Asks: 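Below: one structure in structure tokens.
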Amino acid sequence: MIQFVRGRRGNVLFPFLLALYMGTHVHAQTNISGKPGLIYIPSARQTDDASFQFGYHFNPIRYGFRFNRKNSEGIYFANVTLLPRLEINVNLLRINHEVKRGQKGIGDRQLDIKYVLLKETARRPAVAVIVSAPFGIDNSLSTNALVASKTLRLGNRFYADVTAGFGSPIYVQRDESEKSNYNIFESLEIIKKKDLSYRYLSGPFGGFNLRFDNKAGFMAEWDSQHFNAGLYTTLFKRWTIQAGVLNFDQITFGTSYAVNMLPLSKRLRSYQEAARTKPVKPTPISEKERLLNNFENLTIDSTSGKITYEQRLYRSPYIGMVEMERALPDSNSREFIPMFQGVPIGAYKMGKRISYRHLTNDEMPRPGFLLNKYKLDFWLQPVFAANFGYREKTLQSNTSLLLQTQFYLWKGLALNAGVLFPITNDMDNRPKIIRPAPVFLNQFLAFGKHFISASAGYFYNDQYGANVQYRHHDLTGPWSFGLEGGLTGLYYYTRSGIYYEKMNNLLLIADAAYRFSKPDLTLKLSGGRYLAGDEGVRFDLIRQFTNAEIGLYVMKTQNGTTAGFNFAVPIPPGKIAQSRKARFRTTDEFRWEYSYTRGFRIGERYRTGYQLDQKLRQYHTDYLNRQRP
């Protein structure tokens with residue numbers, strides 16, 4: 001897992017989401033800021049649930065938003081449909097050929113929220129509201145608008161998408177410096193767009209898209225300032241290339257790629273189809289052996305019909321269940337008992353719906369030495385931290401690659417160790433030397449609805465000490481509650497040894513979470529004392545997709561107020577090489593968090609390999625059944 005580190009910034013979401021298998025068609029044509037739309041104007045079109053789009057647009061010099069008629073601009077964006085009617089758009093406007101060195105910094109970062117108020121029907125257009133987050137310091141593409149869109153069928157495979165809306169002539173931003181950016185709700189001021197060099201979406205706007213299916217189209221629009229026209233084509237159902245002429249004057253162009261984060265891979269869907277076949281088709285011996293080689297500590301009790309196993313290859317436990325079902329398809333009455341560090345999570349029955357029950361004390365495996373029941377498991381794990389935003393140094397990064405391993409010593413007890421290979425470090429003066437990765441012991445325990453994770457050693461984020469997490473979690477119910485406490489001190493490696501400080505950092509956090517089964521949405525409220533000694537509260541909104549997890553959060557402590565997002569995705573290719581006794585792979589997930597502010601130590605914490613609530617929500621029956629056909 002990737003750790004939360006001080007001064008975390010930036011966006012490395014794109015390369016890792018590309019690695020996921022994501023099926024189904026998603027219409028990928030976007031406007032200048034990355035939202036579904038025409039050239040400059042957005043539309044009210046409702047995107048598919050869990051669609052994810054990213055790309056780039058070029059804005060010519062005469063129509064520059066930041067320095068009009070002085071610099072052209074490049075706009076990078078990502079757009080995700082977090083909920084069926086809710087889109088989150090993040091864009092970064094970069095100035096090309098800056099006038100003065102150090103003028104542009106990393107660029108203008110902006111977060112927009114779009115909510116579809118009314119879905120389109122045969123007689124009614126779709127209606128949506130778009131709001132730009134008010135905590136930006138420079139929001140050159142501020143979009144506060146009400147927009148309506150309607151699709152008209154013109155003939156066989158030809159359609160017209162008509163859009164009209166009104167953009168607010170004012171918006172809210174912060175009169176603040178990036179060096180004192182510790183409270184995102186401070187120094188707010190109202191800006192009139194008429195005072196800007198370019199008034200983006202200020203007043204009425206409208207346009208149309210004449211398209212042939214979702215393959216190509218001609219666009220024309222009035223963007224509240226100018227008349228624009230353009231063309232686009234979509235290749236391979238996901239990749240869109242577009243170009244336009246602004247006010248019959250200069251050319252803009254862009255590209256975007258769209259995927260969906262809900263479908264399973266074709267391989268897993270074929271396994272599920274085979275499991276539903278009556279009579280059950282036998283699995284070829286060679287495939288059965290290959291699949292079973294992915295599992296460890298495997299026990300098949302033919303009398304009770306229980307199969308106990310552990311898998312460390314996949315982020316989602318559902319993939320392990322499907323592979324086990326494929327490898328051993330000859331009985332529908334079997335219960336699968338996945339384990340974590342040799343501790344059973346519970347018993348799952350793979351029927352039309354996946355059911356779950358707690359194990360009794362008699363069904364729990366007896367404590368014993370585990371080392372000979374597991375492979376020698378080695379994996380590659382990236383660590384990335386960055387500061388983006390300072391004009392003097394637009395990117396300060398700390399990137400390393402860890403070669404990690406685990407030794408399962410006793411039931412629930414694992415020793416985590418490895419080697420860290422530094423790649424970049426211009427965030428501090430610590431030497432770039434090959435050194436031990438975090439080394440710590442972790443004890444995992446499960447008692448029905450009660451789960452405990454206790455760790456001691458050298459953790460991530462330069463903290464050493466002890467940490468205990470407790471969680472009450474019904475894996476079939478909506479509520480869960482957690483407590484976490486730790487006492488740690490700062491450590492880091494120098495060329496002559498390890499530097500220590502006293503263990504005087506007390507961490508005490510409590511939380512309550514509620515889960516909505518449709519669509520795998522968790523609301524979490526937490527609070528307490530954080531690593532820097534600041535006390536405060538945090539609210540998280542977390543959406544689980546098939547192979548990924550995306551969350552938004554807002555936080556307030558004594559050190560300031562901030563907001564951001566986080567995500568977790570698998571890292572390809574997964575298994576690299578494997579035998580009966582050893583395996584080499586990439587880590588099961590890359591987890592990372594972005595905070596809008598940096599350098600003020602707002603709600604900092606450290607990681608001990610995994611967070612208990614993040615691990616357990618992967619085993620919830622609602623999440624597993626959402627992937628069941």
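Please read all numbers here as calculations on a predicted model, not as lab measurements.
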Asks: When the ring centroid of W479 is compared with that of Y514, is the distance short of 6.0 Å?
Replies: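 That pair passes the under 6.0 Å test.
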Asks: Would you check if F545 and L262 make a side-chain contact, meaning some heavy-atom pair closer than 4.5 Å?
Replies: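 Result yes, sub-4.5 Å side-chain heavy-atom pair found.
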Asks: Does any N or O in the side chain of Q29 come within less than 3.5 Å of the main-chain N or O of L38, such that one atom is a donor and the other an acceptor?
Replies: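 Confirmed, Q29 side chain pairs with L38 backbone.
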Asks: For G603 and M555, which heavy atoms make the closest approach, and how far apart are they?
Replies: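 Of all heavy-atom pairs spanning G603 and M555, the closest is CA-CE, 3.4 Å.
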Asks: Taking all atoms of both residues into account, what is the closest heavy-atom pair of Q250 and P60, and its distance?
Replies: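 Answer, listing the atom of Q250 first, then P60: OE1-CB, 3.4 Å.
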Asks: Between W239 and T234, does any side-chain donor sit less than 3.5 Å from a side-chain acceptor?
Replies: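 The criterion, which ignores hydrogens and geometry beyond distance, is not satisfied for T234 and W239.
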Asks: Between R94 and D108, does a salt bridge (charged side-chain N to carboxylate O under 4.0 Å, His left out) hold up when you go through it step by step?
Replies: CA-CA 7 Å; R94 295 272 292 167; D108 296 348; over 6 Å; no
Asks: Kindly indicate whether the side chain of S140, heavy atoms from C-beta on, has any atom under 4.5 Å from the side chain of E73.
Replies: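 No, too far: nothing below the 4.5 Å cut-off.
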Asks: When rounded to the nearest 0.5 angstrom, what distance separates OG in S132 from CG in D112?
Replies: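 Between S132 OG and D112 CG, I get 3.5 Å after rounding to 0.5 Å.
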Asks: Given salt bridge (charged side-chain N to carboxylate O under 4.0 Å, His left out), test E120 with K150 step by step and report yes or no.
Replies: CA-CA 7 Å; E120 182 177 353; K150 187 76 174 74; 3.3 Å; yes
Asks: Heavy atoms only: give me the nearest I41-G207 pair and the separation to one decimal.
Replies: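 Heavy atoms of I41 and G207 come nearest at CD1-N, 3.9 Å.
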Asks: Taking only distance into account, with no hydrogens and no angle test, what donor-acceptor pairs under 3.5 Å do side-chain atoms of residues 516-523 form with protein atoms, sequence neighbours excluded?
Replies:
| from | atom 1 | to | atom 2 | distance (Å) |
| --- | --- | --- | --- | --- |
| D520 | OD1 | R515 | NH2 | 2.7 |
| D520 | OD2 | R626 | NE | 3.4 |

Asks: Quick one: does any side-chain atom of Q242 pair with a main-chain N or O of T233 as donor and acceptor, under 3.5 Å?
Replies: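 No, the answer is negative, given that no donor and acceptor are paired below the 3.5 Å cut-off.
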Asks: Kindly give the heavy-atom pair with the smallest separation between S595 and Y553, and that separation in Å.
Replies: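 Nearest pair, atom of S595 first, then Y553: CB-OH, 3.3 Å.
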Asks: Nearest 0.5 Å please: distance from the CZ atom of F565 over to the CD1 atom of I88.
Replies: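 Output value for this atom pair is 11.0 Å.
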Asks: Does any part of the side chain of K556, heavy atoms only, come nearer than 4.5 Å to the side chain of F539, both counted from C-beta?
Replies: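 They are not in side-chain contact.
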Asks: Got a second to check how far I170's CD1 is from E189's CD, nearest 0.5 Å?
Replies: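 That separation rounds to 12.0 Å.
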Asks: Within the 3.5 Å criterion, strictly below it, is a donor on Y63 or N228 matched to an acceptor on the partner's side chain?
Replies: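 No.
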Asks: Between S33 and N91, does any side-chain donor sit less than 3.5 Å from a side-chain acceptor?
Replies: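 Judged by distance alone, the side chains do not pair up.
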Asks: For F58 together with Y56, are the ring centres under 6.0 Å from each other?
Replies: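 They do not qualify: ring centres at least 6.0 Å apart.
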Asks: What orientation do Y200 and F65 show, parallel under 30°, tilted 30 to 60°, or perpendicular over 60°?
Replies: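 Y200 vs F65 ring planes: perpendicular.
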Asks: Show the nearest heavy-atom pair for residues K114 and A44, with the distance to one decimal.
Replies: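 Of all heavy-atom pairs spanning K114 and A44, the closest is NZ-C, 3.7 Å.
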Asks: Drop me the distance from Q110's CD to N89's CG, to the nearest 0.5 angstrom.
Replies: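 Those atoms lie 8.0 Å apart.
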Asks: Evaluate the salt bridge (charged side-chain N to carboxylate O under 4.0 Å, His left out) criterion for residues R538 and D540: first the C-alpha distance (whole Å), next the side-chain angles of each, then the deciding distance (0.1 Å), finally the verdict.
Replies: CA-CA 7 Å; R538 169 170 168 152; D540 287 81; 2.8 Å; yes
Asks: Ignoring hydrogens and angles, tell me if any N or O in the side chain of N71 forms a donor-acceptor pair with the backbone of F67 under 3.5 Å.
Replies: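 Side chain of N71 to backbone of F67: no pair is present.
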Asks: Got a salt bridge between D622 and R617, using NZ or NE/NH1/NH2 to carboxylate O under 4.0 Å?
Replies: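 Salt bridge: no.
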Asks: Verify the distance criterion only: is there a donor paired with an acceptor across the side chains of T621 and T476 at less than 3.5 Å?
Replies: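 Short answer, no.
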Asks: List the atom of N79, the atom of G34, and the distance in Å for their closest heavy-atom pair.
Replies: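 Smallest heavy-atom distance, with atoms named: CB-O, 3.6 Å.
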Asks: Side chains of N139 and Q173 only: does a donor on one sit below 3.5 Å from an acceptor on the other?
Replies: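 Distance-only check fails for N139 and Q173.
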Asks: For residues 120-175, which residue pairs pass the ring pair (Phe, Tyr, Trp, His ring centres under 6.0 Å) check, not counting sequence neighbours?
Replies: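 Matches after skipping sequence neighbours: F135-Y596, F158-F212.
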Asks: Using distance alone, with no hydrogens and no angle criterion, decide if E87 and T47 have a side-chain donor and acceptor under 3.5 Å apart.
Replies: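 Side-chain D/A pair, E87 to T47: present.
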Asks: Is there a donor-acceptor contact under 3.5 Å from the side chain of S265 to the main chain of L268?
Replies: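 Here the side-chain-to-backbone pair exists.
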Asks: Answer whether the closest heavy-atom distance between the side chains of V259 and R238 falls below 4.5 Å.
Replies: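 The answer is yes, as the side chains (C-beta and beyond) meet within the 4.5 Å cut-off.
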Asks: Could you verify whether a donor N or O on one side chain and an acceptor N or O on the other, from S142 and N144, lie under 3.5 Å apart?
Replies: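 Result is yes, a qualifying pair exists.
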Asks: May I ask you to say whether D613 pairs ionically with K615, meaning some side-chain N is under 4.0 Å from a carboxylate O?
Replies: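 No.
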Asks: Drop me the distance from T151's OG1 to D161's CG, to the nearest 0.5 angstrom.
Replies: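 That separation rounds to 4.0 Å.
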Asks: If you round to the nearest 0.5 Å, how far is CG of D49 from OG of S51?
Replies: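 S51 OG to D49 CG: 8.0 Å, rounded to 0.5 Å.
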Asks: Is R267 atom CZ crowded by more than 12 heavy atoms from other residues, nucleotides or ligands, each under 6.0 Å away?
Replies: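 Yes.
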Asks: Distance under 6.0 Å and angle within 45° of the ring axis: does R591 meet both against F567?
Replies: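 The answer is no; the distance or angle limit is not met.
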Asks: With ring centroids as reference points, do F77 and H57 lie under 6.0 angstrom apart?
Replies: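 Centroid separation for F77 and H57: below 6.0 Å.
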Asks: Apply salt bridge (charged side-chain N to carboxylate O under 4.0 Å, His left out) to the pair R157 and D213, showing each step before the final yes or no.
Replies: CA-CA 5 Å; R157 306 179 71 180; D213 284 340; 2.7 Å; yes
Asks: Please tell me if the side chains of R471 and F481 come closer than 4.5 Å, counting only heavy atoms from C-beta onward.
Replies: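 Sidechains of F481 and R471: no contact.
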